[in-house]
Amino acid sequence: MAELAETPLVMAGEGWADYGLVDSGHGRKLERYGDYRFIRPEPQAMWAPRVAEWQAHGEFVPGSDEDGGGRWQFAQDVPPDGWPLGWDNVRFTAQCTPFRHLGFFPDMAPVWRWMGEQLGERTEATLLNLFGYTGVGSLALSRFGQVAHVDASKKSVAQARENAALSGMEDRPIRWLVDDAAKFAAREVRRERRYDGIILDPPKFGRGPGGEVWRLEEGLPGLVGDCRQLLDDESRFLFLTVYAVRMSSLALGGLLAERFADLPGTIEHGDLAVREDGQGGRLLPTAIFARWSNPG
């Protein structure tokens, strides 16, 4: 039986050559993406910035409510079609999107590394990335075996394919699928498929390619249940991240503990965070997570 570790963890990401959290505070954060710096809203940065005045190429100014709207304001020229960045051996395009993101989630870097540690030296694993966005996680996993990358956005999947080409990984065994993640997982259960590892990063709210409506609190229990049926006692992991919700990581851990009660392994939960650059850099929390791991 999978055991739930009640004490929360922190998975902290550090900056690297192409990304870093420069400073944070007063509800904002200053980040570097290659040669460019940007300011974005960050409600959890409740402290004061270390530097009084920030210099940035652009800032995302949010709308009047917490759930939507906003626009970029640029102080200096930024390539409108994006610019190349890298993490490990994966190359991808960063770009200022209308949704305040820049084409990837840098706080996921420790997650990509953790998943690799669970797979070890395997090269024939079968892996599933639900809500895969622009494919950086899928490309990072592709050296371990076959990956099914699922996202409802045609634009995101097209960008993922471009990132694969930019990385020189267009021949990797990745299936790029424009599909509703919940419906795809349910179909895979009916097909009696199995996976060695699953990563899922569901939004708070979303729509599938056929107009399907996704609401996290309503859909997540069933989706996690389907993911459980796609794993067995020889599978290695499931990693679940959730952003921008009023929910504890312990709730996610409890859901996994219920669904994974018949499997061996460990269930852990906690916060994803990014550490500011420089000595004494503070940890900025970004999301909550729960994960199941099985050493086999």
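Everything numeric in this text was worked out from a predicted model, so none of it was measured.
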State yes or no: do [X] and [Y] share one hydrophobic cluster built from I, L, V, M, F, W and Y residues joined by side-chain heavy-atom distances below 4.5 Å, directly or via other members?
{"X": "Leu130", "Y": "Met115", "value": "no"}
{"X": "Leu200", "Y": "Leu230", "value": "yes"}
{"X": "Phe289", "Y": "Ile199", "value": "yes"}
{"X": "Phe239", "Y": "Phe104", "value": "yes"}
{"X": "Val274", "Y": "Tyr243", "value": "yes"}

Presence of salt bridge, [Y] and [X], under 4.0 angstrom:
{"X": "Arg91", "Y": "Asp18", "value": "yes"}
{"X": "Asp277", "Y": "Arg275", "value": "no"}
{"X": "Glu170", "Y": "Arg161", "value": "no"}
{"X": "Asp232", "Y": "Arg194", "value": "yes"}
{"X": "Asp23", "Y": "Arg32", "value": "no"}

Tell me, do [X] and [Y] make a side-chain contact under 4.5 Å, heavy atoms counted?
{"X": "Arg28", "Y": "Trp54", "answer": "yes"}
{"X": "Leu139", "Y": "Asn89", "answer": "no"}
{"X": "Leu216", "Y": "Val242", "answer": "yes"}
{"X": "Leu127", "Y": "Leu119", "answer": "yes"}

Can you confirm whether [X] is buried at [atom1], in the sense that more than 12 heavy atoms of other residues, nucleotides or ligands lie under 6.0 Å from that atom?
{"X": "Arg71", "atom1": "CZ", "value": "no"}
{"X": "Glu6", "atom1": "CD", "value": "no"}
{"X": "Glu3", "atom1": "CD", "value": "no"}
{"X": "Gln146", "atom1": "CD", "value": "no"}
{"X": "Glu124", "atom1": "CD", "value": "no"}
{"X": "Asp77", "atom1": "CG", "value": "no"}

Rounded to the nearest 0.5 Å, how far apart are [atom1] of [X] and [atom2] of [Y]?
{"X": "Thr97", "Y": "Lys155", "atom1": "OG1", "atom2": "NZ", "result": "8.0 Å"}
{"X": "Asp226", "Y": "Arg228", "atom1": "CG", "atom2": "CZ", "result": "11.5 Å"}
{"X": "Leu141", "Y": "Ile174", "atom1": "CG", "atom2": "CD1", "result": "9.0 Å"}
{"X": "Phe144", "Y": "Arg122", "atom1": "CZ", "atom2": "CZ", "result": "10.5 Å"}
{"X": "Leu240", "Y": "Asp201", "atom1": "CG", "atom2": "CG", "result": "8.5 Å"}
{"X": "Phe205", "Y": "Glu217", "atom1": "CZ", "atom2": "CD", "result": "11.5 Å"}

Closest heavy-atom pair and its distance - Gly135, Trp176: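 Heavy atoms only, the tightest pair is CA-CZ3, 4.3 Å.
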Asp179: which of Val157, Asp151, Val150 passes side-chain contact (heavy atoms from CB on, under 4.5 Å): Val150
Derivation of the side-chain contact (heavy atoms from CB on, under 4.5 Å) call for Leu238 and Leu231: CA-CA 9 Å; Leu238 177 138; Leu231 301 166; 4.1 Å; yes
Trace of the side-chain contact (heavy atoms from CB on, under 4.5 Å) decision for Phe92 with Leu85: CA-CA 6 Å; Phe92 51 91; Leu85 297 180; 3.7 Å; yes
Arg207 and Asp180: CA distance, side-chain angles, deciding distance, salt bridge (Lys or Arg N to Asp or Glu O under 4.0 Å) verdict: CA-CA 8 Å; Arg207 293 187 182 276; Asp180 178 82; over 6 Å; no
Please check if any side-chain donor atom of [X] sits under 3.5 Å from a side-chain acceptor atom of [Y], or the reverse.
{"X": "Gln159", "Y": "Tyr133", "answer": "no"}
{"X": "Ser142", "Y": "Arg172", "answer": "yes"}
{"X": "Asp196", "Y": "Ser235", "answer": "no"}

Can you give the donor-acceptor pairs under 3.5 Å from side chains of residues 37-49 to other protein atoms, not counting sequence neighbours?
residue	atom	partner	partner atom	Å
Arg40	NE	Glu31	OE1	2.8
Arg40	NH1	Arg100	O	3.1
Arg40	NH2	Glu31	OE1	3.0
Arg40	NH2	Glu31	OE2	3.0
Arg40	NH2	Tyr33	OH	3.0
Glu42	OE1	Lys29	NZ	3.2
Glu42	OE2	Gln44	N	3.4
Gln44	NE2	Pro285	O	3.3
Trp47	NE1	Ser24	O	3.3
Trp47	NE1	Ser24	OG	3.0

Trp83 ring center near Tyr36 ring center (under 6.0 Å): yes
Working for side-chain contact (heavy atoms from CB on, under 4.5 Å), residues Asn163 and Val90: CA-CA 8 Å; Asn163 288 338; Val90 178; over 6 Å; no
Backbone N/O of Ala5 and side chain of Glu268: donor-acceptor pair under 3.5 Å: no
Any donor-acceptor N/O pair, Thr134 side chain to Gly103 backbone, under 3.5 Å: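 Here the side-chain-to-backbone pair exists.
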Intermediate values then yes/no, side-chain contact (heavy atoms from CB on, under 4.5 Å), Gln229 and Glu192: CA-CA 8 Å; Gln229 293 187 67; Glu192 298 184 349; over 6 Å; no
Aromatic ring pairing Trp16/Tyr19, orientation class (parallel under 30°, perpendicular over 60°, tilted between): tilted
